[in-house]
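Data block below; observations after.
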Amino acid sequence: MTEQGREAEGYDFKTIQDRWLPVWDELKPFEVTDEATDRPTKYVLDMFPYPSGDLHMGHAEAFAFGDVLARYWRGQGYDVLHPIGWDSFGLPAENAAIKRGIDPRDWTYENIAQQKASFRVYAPSFDWSRVLHTSDPEYYKWNQWIFLKMYEKGLAYRKASWVNWDPVDQTVLANEQVLADGTSERSGAMVVKKKLTQWYFRITDYADRLLDDLDQLEGRWPSKVLNMQRNWIGRSRGAEVEFEIEGREERVPVFTTRPDTLHGATFMVVAPDSDLAGELVASASEEVRAAFQEYLAATQKQTEIERQSTEREKTGVFLDLFAVNPVNGERIPVWASDYVLADYGHGAIMAVPAHDQRDLDFARKFDLPVRVVVDVRDEDGVELPNPAESGVATSGDGVLVNSGELDGLGKTEAIAKAIAVLEARGAGRATTNYRLRDWLISRQRYWGTPIPILHGTGDNDGEMRPVDGTSLPVELPSTEGLDLKPKGSSPLGAATEWATVVDPETGETWNRDPDTMDTFVDSSWYFLRYFSAQDDTQAFDPAAAKKWGAIDQYVGGVEHAILHLLYSRFITKVLHDLGYVDFEEPFMDMLNQGMVLLDGAKMSKSKGNLVEFASELGEHGADALRVTLAFAGPPEDDIDWADVSVQGSAKFLARAWRIADDVERAGVAGPVDFATGDKELRRATHHLLAEAPGLVESYKFNVVVARLMEQVNVTRKAIDNGCGAADPAVRESAEAIAVILSIFAPYASEDMWAKLGHEPTVALQTWPTADESLLVEDEVTMVVQVDKKVRDRLTLPASVTEAEAEAAALASSAVQNAIGDREIVKVVVRVPKIVSIVTKPAA
RNA sequence: CCCCCUAUAGCCCAAUUGGCAGAGGCAGCUGACUUAAAAUCAGCACAGUCUGGGUUCGAGUCCCAGUGGGGGGACCA
């Protein structure tokens with residue numbers, strides 16, 4: 001069949017895709033230069049994909065939305081940077097490699113090739129000249145560069161700490177790889193805590209800025225994500241109070257948010273797994289030590305979840321030690337209990353059972369004294385029952401009692417005074433604590449960025465030195481001869497030749513750090529690399545960074561609400577402080593797309609409720625898929641594939657396409673003057689043009705598609721039963737439809753654009769602007785309500801005044817009938833909407 | 001247990017931000033085309049906005065209390 005013949009049958013997505021793909025390949029319409037122009041810029045970015053197999057429906061959705069926004073801003077006359085890359089280091093590749101005995105590179109790059117091919121057809125408007133893969137040495141070289149910069153600044157350091165350890169896979173796990181029940185997401189083994197020396201990034205140094213700068217993103221990021229980040233950082237202000245412990249030289253600091261209640265501290269509790277607890281029991285009696293060890297062992301057997309359950313009864317052991325309260329010299333007993341966490345504050349607390357529920361529960365369990373130091377009252381000013389009897393701690397505001405110099409003060413003043421007293425005595429100070437911990441970045445894995453540090457041997461044992469910047473990247477050794485199976489230490493350590501470095505000057509032998517970096521390091525700055533992805537002299541070009549600036553629009557899943565986004569914000573601030581970028585926040589606006597479900601459930605291969613991206617793409621084409629996703633509902637909402645109709649979208653596209661087809665067939669030659677076109681249709685077209693930009697910018701893509709459907713419907717009516725296809729207004733409408741539709745359906749709109757006699761590509765067309773004069777209505781319809789009921793509709797000139805409208809309403813016989821002999825109390829006129837008349841029975 | 005989001009037609013969703021509840025679609029029904037069906041085209045019908053209060057001339061929209069659904073946090077001193 002000839003192409004002509006096929007066209008005669010109407011819209012066929014396959015034909016159209018095949019027609020335009022080679023043209024776009026040739027034109028490369030979305031490649032942009034880094035040179036400054038006088039056009040405004042937008043940087044639109046989707047979170048880059050991990051190459052595990054082909055693209056899936058989740059990708060289809062996120063990339064459709066990102067592309068709508070990228071294409072929209074181009075239509076508004078912006079230079080748009082819209083790049084793509086792959087987050088291609090990570091465990092799945094390594095697991096696949098172990099399982100099949102292949103190189104993780106092969107698996108990774110085959111998947112990337114498959115995803116690239118799918119993307120080509122799906123046709124997001126990427127600038128392919130900037131593509132990056134984090135597993136390329138050309139990329140991870142700059143991970144190492146960033147690491148060394150941070151090492152220089154003291155922001156990368158090594159310490160021994162308790163980490164998540166998977167006893168089956170023999171590796172450290174990230175927090176996010178530990179499931180809610182405390183098992184490893186991969187091996188299913190119960191994760192244990194193990195003390196290991198690991199590399200950390202000092203993100204806690206940035207805690208205040210990471211928290212405070214969230215205020216700038218208010219209204220631009222989903223409030224849910226802002227909340228989650230604030231929660232995660234968890235700043236709490238209070239005081240550090242130093243207690244002496246009998247028989248110990250050093251004083252023990254504790255953190256409290258309520259230094260005002262210091263007089264109510266009746267015991268101290270230390271975390272059993274803290275260093276402090278170990279030190280304290282070292283000199284204790286055999287009996288105490290045995291009891292403590294038993295308790296510690298029991299604590300460590302529990303999962304994090306068990307341990308943090310609020311339902312649990314309090315447990316603990318008395319350490320046979322006493323601390324001295326610095327404000328009143330009182331001796332208080334020291335206990336160990338697992339309700340105190342080793343890694344928050346100082347791993348020890350002062351317990352004020354009257355005013356803290358946890359402390360009260362503990363005190364009641366072990367029969368420890370409870371002393372009220374704050375007189376807390378309810379709303380009616382009635383004193384609350386004594387916590388010792390009620391079992392309910394009073395944690396609110398009140399007047400201090402039994403507290404010496406603090407007596408009579410309210411909570412806020414008492415806190416200030418208590419801190420002043422502590423400072424005067426050298427026993428404490430105001431401090432701030434965070435829930436946020438430093439970022440553990442080392443991993444005992446092969447498929448990641450080698451940490452560019454050398455460890456001394458022999459005389460230099462225990463020394464570290466950074467790899468010289470000029471010898472970056474430290475490339476991964478070949479997998480040849482390497483056993484990637486987990487065995488508790490990094491596979492890289494076994495690559496002897498790679499791991500051993502002899503200093504050419506001194507002849508000393510150094511060993512490479514065998515660990516690789518957390519892959520979240522890779523993704524914490526990739527958006528900057530796009531500024532100059534092929535540049536091998538620097539991580540990114542500052543001039544290009546200046547042109548494009550921070551990402552104007554980020555699109556991705558809410559599952560990254562904490563980790564990726566927090567790490568990216570942190571690294572951006574570090575690079576800002578080092579003078580490499582002039583912005584402090586990387587993502588100015590963010591859209592979190594929902595999930596694609598099937599029959600109300602998350603899709604998964606194991607559940608067998610999978611919608612395959614590739615088969616949908618093959619069956620319905622890219623346009624129909626993209627329109628379906630955009631039309632399904634607000635982008636933040638989940639989409640149930642059972643609720644949508646890809647065929648419905650295809651039908652709409654065919655109807656839209658046929659409009660342009662009809663215009664083409666009408667064969668009107670030469671330029672046409674739209675102003676001579678059908679007035680009604682023009683009005684509809686310009687309403688669409690006026691409304692669409694606001695809708696896109698507020699992410700109401702579903703409404704934009706609905707408006708396009710409406711426009712197609714009215715244009716169809718105009719062609720069949722109105723002005724006819726040759727009318728200039730029909731062409732004007734068809735062009736508007738093509739241009740706006742192009743943000744959703746690049747192929748159909750390109751074909752429409754060609755049928756309307758234009759050169760490719762419609763994607764680079766600036767949107768026509770609405771002619772305001774066409775939007776002005778000559779007449780308005782005003783509703784007249786009498787006592788809430790609609791009694792008449794008045795057609796009035798658009799210029800009608802309130803008084804005229806009121807007069808017209810009262811002149812209506814329907815209105816007069818409704819009023820009858822009742823008395824008018826009030827008339828409210830809101831031009832051009834409504835006249836509301838309120839009556840009451842006549843006197 | 002605490003916090004946040006959410007509830008509109010059989011289903012997915014709109015509603016100019018306080019002014020006539022319906023834009024669009026799916027499914028349904030009727031008709032045209034067809035030997036018939038599918039596809040296509042034309043048309044039709046369907047709820048008074050989760051419940052109970054309140055503010056207002058007027059509430060889907062604002063406030064309070066509840067219910068269902070979704071999400072987050074949860075011994076952080």
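Lettering follows sequence order; numbering is per chain, from 1.
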Hey, does A:V776 have a side-chain heavy atom less than 4.5 Å from the side chain of A:E772? no
State, with a plain yes or no, whether a side-chain heavy atom of A:D343 is found less than 4.5 Å away from one of A:R437. yes
How far does the P atom of B:A39 sit from the matching atom of B:G73, given to the nearest Å? 47 Å
Which parts of residues 712-723 of chain A get close to RNA chain B, meaning a heavy atom less than 4.0 angstrom away? A:N713, A:R716, A:K717
Taking only N/O atoms, report every protein-nucleotides 1-11 of chain B pair under 3.5 Å with atom names and distance.
{"from": "B:C11", "atom 1": "O2'", "to": "A:D643", "atom 2": "OD1", "distance (Å)": "3.4"}

Separation of B:C57 atom P from A:L810 atom CG, nearest Å, is 18 Å
Any side-chain N or O of A:K651 below 4.0 angstrom from OP1/OP2 of B:C26? yes
Look for any protein N or O under 3.5 Å of an N or O in nucleotides 29-33 of chain B and output each such pair with its distance, or none.
none

Between A:R258 and A:V374, is any pair of side-chain heavy atoms under 4.5 Å apart? yes
A:D640 CG to B:G25 C1', in whole Å, measures 16 Å
Please say whether the positively charged group of A:K314, taken as NZ for Lys or CZ for Arg, lies over the ring of A:F366, i.e. under 6.0 angstrom from the six-membered ring centre and within 45 degrees of the axis. no
Nucleotides 14-19 of chain B: which of its N/O atoms have a protein N/O under 3.5 Å away?
{"from": "B:A14", "atom 1": "OP1", "to": "A:N702", "atom 2": "ND2", "distance (Å)": "3.4"}
{"from": "B:A15", "atom 1": "OP1", "to": "A:K700", "atom 2": "NZ", "distance (Å)": "3.2"}
{"from": "B:U16", "atom 1": "N3", "to": "A:K833", "atom 2": "NZ", "distance (Å)": "2.6"}
{"from": "B:U16", "atom 1": "O4", "to": "A:K833", "atom 2": "NZ", "distance (Å)": "3.0"}
{"from": "B:G19", "atom 1": "O6", "to": "A:R830", "atom 2": "NE", "distance (Å)": "3.3"}

When rounded to the nearest 0.5 Å, the distance separating CD1 of A:I737 from CG of A:L708 is 7.0 Å
In whole Å, I'd like the distance from the CG atom of A:L597 to the C1' atom of B:G69. 13 Å
For B:U17, is chi within 90° of 0 (syn) or not (anti)? syn
Flag side-chain contact, heavy atom, 4.5 Å: A:P387 against A:V392: no
Would you indicate whether A:K602, at its atom NZ, is surrounded by more than 12 heavy atoms from other residues, nucleotides or ligands within a distance under 6.0 Å? no
Base paired to B:A65 (Watson-Crick or G-U; both N/O distances under 3.5 angstrom): B:U51
When rounded to the nearest Å, what value does the distance between P atoms of B:G68 and B:G10 take? 23 Å
In terms of heavy-atom contacts, A:R237 and A:T257 come closest through O-CG2, 3.6 Å
Could you tell me if the side chain of A:L217 sits less than 4.5 Å from the side chain of A:L226, heavy atoms only? yes
Distance check, P atoms only: B:U17 and B:C41, in whole angstrom units. 35 Å
Return the pairing partner of B:C41 with a 3.5 Å limit on both distances, Watson-Crick or G-U wobble; otherwise return none. B:G31
Specify the residue among A:D638 and A:G345 whose closest nucleotide of RNA chain B lies further upstream toward the 5′ end. A:D638
Comparing nearest nucleotides in RNA chain B, the 5'-proximal residue of the pair A:D343, A:S649 is A:S649
Beyond-backbone contact of A:M782 with A:V835, side-chain heavy atoms, under 4.5 angstrom: yes
Chi angles and distances behind the side-chain contact (heavy atoms from CB on, under 4.5 Å) call for A:H263, A:V327: CA-CA 7 Å; A:H263 288 267; A:V327 293; 3.8 Å; yes
Please determine, by modelled atom types, if A:Q357 and A:S395 share a side-chain donor-acceptor pair under 3.5 angstrom. no
Can you check the A:K789 NZ to B:C57 C1' distance for me, whole Å? 14 Å
Using the P atoms only, state how far B:G48 lies from B:U6, rounded to an integer number of Å. 24 Å
Between B:G24 (P) and A:H687 (NE2): distance, integer Å: 15 Å
Listed by chain and number, what are the side chain to side chain contact (heavy atoms under 4.5 Å, CB included) partners of A:P634, not counting sequence neighbours? A:E636, A:D637, A:N702
May I ask which nucleotide in the shown strands pairs with B:A59, Watson-Crick or G-U wobble, both distances under 3.5 Å? none
Taking syn as a glycosidic torsion within 90° of 0 and anything else as anti, which one is B:G31? anti
Which value, in whole Å, describes the distance between the P atoms of nucleotides B:U61 and B:A21? 13 Å
Does B:C75 have a Watson-Crick or wobble partner in any strand here, with both distances under 3.5 angstrom, and which is it? none
Any side-chain N or O of A:K788 less than 4.0 Å from the OP1 or OP2 oxygen of B:A59? yes
Using the C1' atom in both, what is the distance from B:C2 to B:U8, to the nearest Å? 30 Å
Does A:L591 reach the side chain of A:F701, with side-chain heavy atoms less than 4.5 Å apart? yes
For B:A15, the nucleotide meeting Watson-Crick or G-U wobble distances (both under 3.5 Å) is none
Quick one: which of B:U40, B:G24, B:C75 gets closest to the side chain of A:M709? B:G24
Would you compute the distance between atom CG of A:L566 and atom CH2 of A:W439 and round it to the nearest 0.5 angstrom? 9.0 Å
For A:T431 and A:A239, work out which heavy atoms get closest and say how close. OG1-C, 3.7 Å
Side chain to side chain donor-acceptor pair (under 3.5 Å) evaluation trace for A:N713 with A:R655: CA-CA 8 Å; A:N713 290 345; A:R655 281 168 62 79; 2.5 Å; yes
Base paired to B:C26 (Watson-Crick or G-U; both N/O distances under 3.5 angstrom): B:G10
Distance-only polar pair, side chains of A:T204 and A:Y434, donor-acceptor under 3.5 Å: no
Look at all strands and tell whether A:V783 reaches a base, only sugar-phosphate, or nothing, counting heavy atoms closer than 4.0 Å. base
Hey, is the side chain of A:Y344 poking within less than 4.0 Å of OP1 or OP2 on B:A77, counting only N and O atoms? yes
Quick one, which residues of residues 429-439 of chain A touch RNA chain B with a heavy atom under 4.0 Å? A:R435, A:R437
Whole-angstrom distance between B:C13 and B:G31, as gauged at atom P: 33 Å
Polar side-chain contact A:K314-B:C75 base: donor and acceptor under 3.5 Å: yes
Candidates B:G24, B:G72, B:C75 - which lies nearest the side chain of A:M228: B:G72
State yes or no: are the ring centers of A:F631 and A:F744 separated by less than 6.0 Å? no
Could you state the interatomic distance from CH2 (A:W232) to CG (A:L211), rounded to the nearest 0.5 Å? 14.5 Å
Which part of the nucleic acid, if any, lies within contact of A:R655, taking any heavy atom under 4.0 Å across all strands shown: a base, the sugar-phosphate backbone alone, or nothing? sugar-phosphate
B:G24 P sits how many Å from A:Q711 CD, rounded? 12 Å
Between B:G28 and B:U49, how far is it from one C1' atom to the other, in whole Å? 23 Å
